[in-house]
Amino acid sequence: MTKLRAIRGMNDILPEETPYWQSLERTVRALLHSYGYGEIRLPIVEHTELFKRSIGEVTDIVEKEMYTFDDRNGESMTLRPEGTASCVRAAIQNGLLAVPQRLWYAGPMFRYERPQKGRQRQFHQVGVEVFGIATPDIDAELILLSARLWRQLGIADDVTLELNSIGSNEARKAYRAALVEYLSARREQLDEDSQRRLESNPLRILDSKNPDTQALLNDAPALADYLDDEAKADFARLQALLDAAGQPYRVNPRLVRGLDYYNKTVFEWVTDRLGAQGTVCAGGRYDGLVEQLGGKATPGIGFAMGMERLVLLLSETGQALPVEQAADLYLVSMGEAAETEAMARAEALRDVFPEHRIVLHTGGGSFKSQMKKADRSGARLALIWGEDEVNAGTCAVKDLREDGGQETVAAAELPQYLRAALA
RNA sequence: GUGGCCGUAGCUCAUCGGGUAGAGCACCGGAUUGUGGCUCCGGAGGUGGGGGGUUCGAGACCCCUCGGCCACCCCA
């Protein structure tokens, strides 16, 4: 219909939705601050190589979902599909890894996928990453931090925690071989997608949605049996810490993550209230990634939250939006002299009441229509200037929310009057 | 990339292949020379996503295309 549209999957976030975003962002920011995390701001574009080397060459993200283009000098660049790779790159580049680092960032990510509920091509994440801590106490901290966030947002009852350990790279390699052997012998019983995954990413077959495939997996080798001792011990310790903190979770032995860099602890917060895209927050450990990207071997762990999905959850669960949209004062006037007076008074009132929302009617229109706009603005009070008021040096103050009563107030008295009226 | 459903006013939707495409909400004006909300009256707003075909005649039927939603894949 309209000729110019936004790019598919890249949505405008409208004024009626932004209060949810602002409230969510404010809560997240304060929480991370309180846990001692520092914000890092990262570029949206990186060398394509960064993502190929971190996420994995054969993942769907790298193979078919990246927005990749040549810069003017012929270098291949990519709109970031996720934040961890950039954060690791930045930490290495800026020498942040000499001491443990607790970092977070927020911003848009880009993946070329078919949009659906809870998924778009430009979406927003808040990512949290910790470098230099190998022990599972930090795993627990991240999980407890996220759990606290759900409580603060009022959605704790709508999300559940799933947990798994996928072990060391070596353990996973051995398990992958065993799984491939088992499934190859039963290739015909696999669904089409899983047959393909047998070549590309066999572990992903574990969380296939196909019931027949899931049934087939019941007798398959179990990842847990292949874990190395350290991964086992750390996973047990993590569970002990969560138990002690009273944090419920479900160990899901079939939880694997799509990105190559994960090892040991992986976790997801999921909800059943968002349709097919139930993962609201997910992450895990990536002890080899820093070294893989050219830094000194440094353990890492992190997670990312999908802001669109959280906003959906907040609105679907009817969680309040604390940012008040209604105006406090709406100023109207009739005639040029009154308009001049109202404009000057508006500025003076903004000096006195910087915390209040003061809307000055602009664009003319009949008095009636101005009053209608005043009502629609949601303002508590309308301040009215006409010829009489200007001549008398007064202002008519009308209560739009109560009985509609109106008082005439001398210009000099206006601040005191409004201070009482707005209290 | 695959599949299902759907594109009519700013929004939500009606309209059996037959006259000038309607309603509610929103918007503008009036009833009320300077007073919103409730009510009443009036007004403006549409290349029916786009293109082609069938037909005397298409918003409706057929084909193509673009777009939206949901699901698969994948993922936050």
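All heavy atoms count here, side chains included; hydrogens, waters and symmetry mates do not. So that the names make sense, note that chain A is the first sequence line, chain B the second, and so on, each numbered from 1.
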Rounded to whole Å, how long is the line connecting atom [atom1] of [X] with atom [atom2] of [N]?
{"X": "A/Tyr112", "N": "B/A76", "atom1": "OH", "atom2": "P", "answer": "20 Å"}
{"X": "A/Glu113", "N": "B/C74", "atom1": "CD", "atom2": "P", "answer": "11 Å"}
{"X": "A/Lys372", "N": "B/A31", "atom1": "NZ", "atom2": "C1'", "answer": "13 Å"}
{"X": "A/Leu400", "N": "B/C38", "atom1": "CG", "atom2": "P", "answer": "13 Å"}
{"X": "A/Leu274", "N": "B/A76", "atom1": "CG", "atom2": "C1'", "answer": "11 Å"}
{"X": "A/Arg119", "N": "B/C72", "atom1": "CZ", "atom2": "P", "answer": "8 Å"}
{"X": "A/Lys209", "N": "B/A71", "atom1": "NZ", "atom2": "P", "answer": "8 Å"}
{"X": "A/Ile55", "N": "B/C74", "atom1": "CD1", "atom2": "C1'", "answer": "13 Å"}

Given a 3.5 Å cut-off on both pairing distances, which stems involving RNA chain B, each at least three consecutive Watson-Crick or G-U pairs, are present, if any?
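As far as RNA chain B goes, consecutive pairing (with distances under 3.5 Å) yields the stems B:1-7 with B:66-72, B:10-13 with B:22-25, B:27-31 with B:39-43, B:49-53 with B:61-65.
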When you compare [N] with [M], how far apart are their [atom1] atoms, in angstrom units rounded to a whole number?
{"N": "B/G24", "M": "B/C38", "atom1": "P", "result": "15 Å"}
{"N": "B/G50", "M": "B/C56", "atom1": "P", "result": "25 Å"}
{"N": "B/A26", "M": "B/C69", "atom1": "P", "result": "27 Å"}
{"N": "B/C74", "M": "B/U65", "atom1": "P", "result": "27 Å"}
{"N": "B/G43", "M": "B/A23", "atom1": "P", "result": "10 Å"}
{"N": "B/A71", "M": "B/C62", "atom1": "P", "result": "27 Å"}
{"N": "B/G59", "M": "B/G22", "atom1": "C1'", "result": "13 Å"}
{"N": "B/U33", "M": "B/G49", "atom1": "P", "result": "45 Å"}

Please identify each residue that fulfils salt bridge (Lys or Arg N to Asp or Glu O under 4.0 Å) with [X], with sequence neighbours left out.
{"X": "A/Arg257", "result": "A/Glu268"}
{"X": "A/Arg53", "result": "none"}
{"X": "A/Arg119", "result": "A/Glu113"}

[X] side-chain N/O to [N] phosphate OP1/OP2 under 4.0 Å:
{"X": "A/Gln116", "N": "B/C72", "result": "yes"}
{"X": "A/Lys117", "N": "B/A71", "result": "no"}
{"X": "A/Lys64", "N": "B/C74", "result": "no"}

Polar atom pairs (N or O), protein with nucleotides 65-68 of chain B, under 3.5 Å:
{"residue": "B/G68", "atom": "OP2", "partner": "A/Arg8", "partner atom": "NE", "Å": "3.3"}

Without swapping roles, check the side chain of [X] against the backbone of [Y] for a donor-acceptor pair under 3.5 Å.
{"X": "A/Ser208", "Y": "A/Ile205", "value": "no"}
{"X": "A/Thr213", "Y": "A/Lys209", "value": "no"}
{"X": "A/Gln370", "Y": "A/Ser333", "value": "yes"}
{"X": "A/Thr265", "Y": "A/Ser165", "value": "no"}
{"X": "A/Asp328", "Y": "A/Arg357", "value": "yes"}
{"X": "A/Arg80", "Y": "A/Ala85", "value": "no"}

Checking all strands, does [X] fall into the base, sugar-phosphate, or nothing category for heavy-atom contacts under 4.0 angstrom?
{"X": "A/Arg197", "value": "sugar-phosphate"}
{"X": "A/Gln406", "value": "base"}
{"X": "A/Ala374", "value": "nothing"}
{"X": "A/Gly118", "value": "base"}
{"X": "A/Glu63", "value": "nothing"}
{"X": "A/Glu82", "value": "nothing"}
{"X": "A/Thr59", "value": "nothing"}

Check the angle between the aromatic planes of A/Trp21 and A/His124 and answer parallel, tilted or perpendicular using the 30° and 60° thresholds.
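Aromatic pair A/Trp21/A/His124 classed perpendicular.
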Does [X] have any side-chain contact (heavy atoms from CB on, under 4.5 Å) partners at least two apart in sequence or in another chain, and if so, which?
{"X": "A/Gln152", "result": "A/Thr27, A/Leu31, A/Arg148"}
{"X": "A/Gln189", "result": "A/Arg186, A/Leu216"}
{"X": "A/Asp375", "result": "A/Arg401"}
{"X": "A/Thr160", "result": "A/Val270"}

With a 4.0 Å heavy-atom cut-off, tell me which residues in residues 413-423 of chain A come close to RNA chain B, sorted by residue number.
none
Is there a residue in residues 375-391 of chain A whose heavy atoms reach under 4.0 Å of RNA chain B, and which residues are they?
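Result for residues 375-391 of chain A: A/Asp375, A/Arg376, A/Ile384, A/Glu387, A/Asp388, A/Glu389, sorted by number.
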On RNA chain B, does the nearest nucleotide to A/Arg401 precede the nearest nucleotide to A/Lys373 from the 5' side, or the other way round? Give the residue.
A/Lys373
Residue closer to the 5' end of RNA chain B, A/Lys368 versus A/Asp60 (nearest nucleotide)
A/Lys368
Which of these nucleotides, B/C74, B/A76, B/U35, is closest to any side-chain atom of A/Lys398?
B/U35
Without hydrogens or angle criteria, can the side chains of A/Gln125 and A/Tyr105 be said to hold a donor-acceptor pair below 3.5 Å?
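Judged by distance alone, the side chains do not pair up.
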Taking the cut-offs as 6.0 angstrom to the six-membered ring centre and 45 degrees off its axis, would you call A/Arg121 and A/Tyr112 a cation-pi pair?
yes
Sequence neighbours excluded, every pair satisfying ring-ring contact (aromatic ring centres under 6.0 Å, His included) that has a member inside residues 168-189 of chain A
A/Tyr175-A/Tyr226
